[in-house]
Amino acid sequence: MSVSTDIKNHIKANIQACASVQQVYGHEEVNPSGFPAVMVTAGDMQGEFSSNSQNSRIYAFKILILVPVSQDPPPGIAITNRMEYAEQVIATVIDEIINKSDTDFMLAGSDTTVLYVEAADVQWGYTTYEAGEARSAELTLKV
């Protein structure tokens, strides 16, 4: 298994352990189910020469969080506005993912030696997918 795949699988497992996440994909899914849905994909990789025997590598992973804006909030939720509900759900997922990466910054238990995970950058937006439009946020984790 490649280093990138090992790190990605560990990130997926950490996200799946988050209480607020319903479904995690290791690829971009055209028609996701179970929301909030999270997609983890490989991003850019940076390398830096250190010496003849040691080099530095940084693997980036894009984490896309989706919550459809076409669905009403579940019964028992005080929020009735779909947009507000979607935004609050995504904010909760972001917090859980960031907290997990901040406390597992060496990806303990993976088969790869990880020195650190950088603090995540987050960009909010909207994403169109096969079933409609979703409120979204994209995190970038650099390992």
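Worth knowing before you read on, the calculation uses all heavy atoms, side chains too, and leaves out hydrogens, waters and symmetry mates.
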- Please list, chain by chain and in numerical order, all residues satisfying side-chain contact (heavy atoms from CB on, under 4.5 Å) with K8, sequence neighbours excluded. K12, V40, F61
- Note on the structure: Here the gap from E133 atom CD to T127 atom OG1, rounded to the nearest 0.5 Å, amounts to 8.5 Å
- Item | T41 versus K62, side-chain donor and acceptor atoms under 3.5 Å | no
- Message: Can you tell me how far apart CD (Q23) and CG (L66) are? Round to the nearest 0.5 Å.
- Response: 12.0 Å
- Message: Could you tell me if the side chain of V38 sits less than 4.5 Å from the side chain of V93, heavy atoms only?
- Response: yes
- Message: Is there a side-chain contact between K142 and Y59 in this structure, where contact means two heavy atoms from C-beta onward sitting under 4.5 Å apart?
- Response: no
- Roughly how far apart are I65 CD1 and S136 OG, rounded to 0.5 Å? 9.0 Å
- Query: Is it true that atom CG of N81 has more than 12 heavy atoms of other residues, nucleotides or ligands lying nearer than 6.0 Å?
  - Reply: yes
- Query: Would you say I77 and V67 are hydrophobically clustered, going by side-chain heavy atoms of ILVMFWY under 4.5 Å?
  - Reply: yes
- Note, I58 side chain near V143 side chain (heavy atom, < 4.5 Å): no
- Message: The criterion is side-chain contact (heavy atoms from CB on, under 4.5 Å); which residues satisfy it with Q88, sequence neighbours excluded?
- Response: I79, E84
- Item | Straight-line distance of D95 CG to I90 CD1, nearest 0.5 Å | 12.0 Å
- Query: To the nearest 0.5 Å, what is the distance between CD1 (I63) and CG (L141)?
  - Reply: 4.0 Å
- Taking all heavy atoms of A42 and all of S4, pick out the closest pair and write down the distance. CB-OG, 4.4 Å
- Item | Value rounded to 0.5 Å, distance of CG in N14 from OG in S101 | 8.5 Å
- Donor-acceptor contact below 3.5 Å, side chain E138 vs main chain V122: no
- Message: Minimum heavy-atom separation for A86 and R135, please, with both atom names.
- Response: CB-CB, 3.8 Å
- Item | Joint hydrophobic cluster, I98 plus M39, side-chain heavy atoms closer than 4.5 Å | no
- Message: Applying side-chain contact (heavy atoms from CB on, under 4.5 Å), can you list everything that pairs with A131, at least two apart in sequence or on another chain?
- Response: N31, Y129
- Message: If hydrophobic clusters are built from ILVMFWY residues whose side chains come within less than 4.5 Å, do W124 and I97 share one?
- Response: yes
